Participant: 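Before I ask anything, let me first share the structure, which is written out below as structure tokens.
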Amino acid sequence: MRILVLRALGLGDLLTAVPALRALRRAFPQALLELACPAWLHEPVLAWRLADRALDIGPLEPLPAVAEGADLAVNLHDQGPESTRLLLASRPGRLLAFRHAEIPHTAGLPAWRPGEHDAERWCRLLAESGIPADPERLALPRPARGPLGRATGYTILHSGAGAPARRWPARRWARLARAEREAGHRVVLTGSASERVRCLLVARKAALPAEDVLAGRTSVLELAALVARAGLVVCGDTGVAHLATAFGTPSVVLFGPASPEEWGPPPTRSQHRALWAGLRGDPHSSLPDPGLLRITAEQVRDEIGALRATLAARPAVVSRAAPGSRAPRRRSPARANV
């Protein structure tokens, strides 16, 4: 049996689909599970055993010929119709997707719900199709070593994000970096190659050593290893936030145009904090979101202090629902006092 899954998006998108991918593996243990996603994600997909084979595809690109004829095609990409049409063009034996009025083939399939958390959405798609799925199954295997050897306990500041709307100003990251270093914590700056100049600016303003600027110098797996061994991660609404959730690393995540109720860490886990001004905006804007700008460096610093105090007084416990059970209802996210 072959199962073809479409999720041709970014790192954070891949990580929120982990519970659904695990559910497919559990339901069809003997099947060949193929994941269509960008080439730069193939190494982590295979290392984390999220699929048996990865197929190279960009967002809404035609599927390669090798993808044709799967017994089951699963759309974990979006609500369609374009992505669903791509899967139907591969002539699968069965399709799992959200129904769409433009595609008669999807009549009777589960309905898309706006505002649903991404991990819960894909698990519901499977559950309503007869495949039990637990949205709390987000954990990834912990690496033994990372780019910093066996160093642990450092603070990661990840200042970048895929869209300008989700990028907090560099000067605020520098203030936060300086405060962390003055408090006695080693600060490591991560990011992509295109974000290295931004991270070097933050380092210069915060008087951080150049060797602790790792932006553009890590693969996805090396970045994951850094997050797994960190003492704290502070970042925007981006893939690194989902890595922190996957490894149970304490985190403070800054949200702007999107709500943490849709993309944030599970509210059942006390080691993760989401800061949000409560304002929705344009996620595709070329400027930082106004709601994100309402979050000040002082508020983030205070949230870090409160989180550390909580963890020191009461060790974090990762809450996990029993397989097949209902996930706990999501609580309202913490909001910045703006």
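Because the structure is predicted, anything quoted here is derived from the model rather than measured.
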Participant: Output a table of donor-acceptor pairs, distance under 3.5 Å, between side-chain atoms of residues 241-255 and any protein atom two or more places apart or on a different chain; print 'none' if there are none.
Facilitator:
from, atom 1, to, atom 2, distance (Å)
T245, OG1, A241, O, 3.3
T249, OG1, V227, O, 2.8
S251, OG, H272, ND1, 2.8

Participant: Is R113 salt-bridged to E128, going by a charged N under 4.0 Å from an acidic O?
Facilitator: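 E128 and R113: salt-bridged.
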
Participant: Taking side-chain contact (heavy atoms from CB on, under 4.5 Å) as the test, write out the residues that go with P62, two or more places apart.
Facilitator: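 With sequence neighbours excluded, P62 shows a side-chain contact (heavy atoms from CB on, under 4.5 Å) to no residue whatsoever.
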
Participant: Is there a donor-acceptor pair closer than 3.5 Å between any side-chain N or O of R2 and the backbone N or O of L72?
Facilitator: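 Not confirmed, R2 side chain does not pair with L72 backbone.
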
Participant: Examine distances only and state if a side-chain atom of R196 and a backbone atom of V213 form a donor-acceptor pair shorter than 3.5 Å.
Facilitator: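 Yes, because the side chain of R196 sits within donor-acceptor range (under 3.5 Å) of the backbone of V213.
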
Participant: Report yes or no: is the cationic atom of R121 (NZ for Lys, CZ for Arg) closer than 6.0 Å to the six-membered ring centre of W112, at no more than 45° off its axis?
Facilitator: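 Yes, a cation-pi geometry holds between R121 and W112.
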
Participant: Just to verify, what does R53 make a salt bridge (charged side-chain N to carboxylate O under 4.0 Å, His left out) with, not counting sequence neighbours?
Facilitator: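 In terms of salt bridge (charged side-chain N to carboxylate O under 4.0 Å, His left out), with neighbours along the sequence ignored, R53 is linked to E34.
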
Participant: Any ion pair linking E136 and R269 (charged N to carboxylate O, less than 4.0 Å)?
Facilitator: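 Between E136 and R269 there is a salt bridge, with a charged N closer than 4.0 Å to a carboxylate O.
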
Participant: Looking only at heavy atoms, which two atoms of L15 and W48 are closest? And how far apart?
Facilitator: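 So the two residues come closest at CD2-CZ3, 3.9 Å.
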
Participant: Can you name the nearest heavy-atom pair linking A225 to P143, along with the distance?
Facilitator: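 Residues A225 and P143, closest heavy atoms: CA-CG, 3.5 Å.
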
Participant: Who are the salt bridge (charged side-chain N to carboxylate O under 4.0 Å, His left out) partners of R308, not counting sequence neighbours?
Facilitator: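 Per chain and number, R308 pairs via salt bridge (charged side-chain N to carboxylate O under 4.0 Å, His left out) with E180.
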
Participant: Which pair of heavy atoms, one from D118 and one from T16, lies closest together, and at what distance?
Facilitator: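 For D118 and T16, the tightest heavy-atom pair comes out as OD2-OG1, 2.7 Å.
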
Participant: Backbone N or O of R166 within a donor-acceptor pair of the D289 side chain at under 3.5 Å?
Facilitator: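 Not at all, since once roles are kept as given, no pair shorter than 3.5 Å links the two residues.
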
Participant: Mind listing the closest non-hydrogen atom pair of R7 and P38 along with its distance?
Facilitator: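 Answer, listing the atom of R7 first, then P38: O-CD, 4.3 Å.
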
Participant: How about I295 and V300: do any of their side-chain heavy atoms sit closer than 4.5 Å?
Facilitator: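 They are in contact (side-chain heavy atoms under 4.5 Å apart), so the answer is yes.
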
Participant: Spell out, as yes or no, whether a donor-acceptor pair under 3.5 Å connects the side chain of W263 to the backbone of A258.
Facilitator: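 Here the side-chain-to-backbone pair does not exist.
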
Participant: What pairs with P209 under side-chain contact (heavy atoms from CB on, under 4.5 Å), at least two apart in sequence or on another chain?
Facilitator: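 For P209, the residues satisfying side-chain contact (heavy atoms from CB on, under 4.5 Å) (neighbours in sequence not counted) are R181, E211, D212.
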
Participant: Quick one, V74 and L4 - any side-chain contact, counting heavy atoms below 4.5 Å?
Facilitator: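 A side-chain contact is absent here, since even the closest heavy-atom pair is not under 4.5 Å.
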
Participant: With sequence neighbours left out, which residue pairs that include part of residues 170-223 fulfil the ring-ring contact (aromatic ring centres under 6.0 Å, His included) condition?
Facilitator: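 Checked against ring-ring contact (aromatic ring centres under 6.0 Å, His included) - neighbours excluded - the pairs reaching residues 170-223 are W168-W173.
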
Participant: Is there a path of hydrophobic side-chain contacts, each under 4.5 Å between heavy atoms of I/L/V/M/F/W/Y residues, joining L32 to L35?
Facilitator: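 Different clusters: L35 never reaches L32 through Ile, Leu, Val, Met, Phe, Trp or Tyr contacts under 4.5 Å.
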
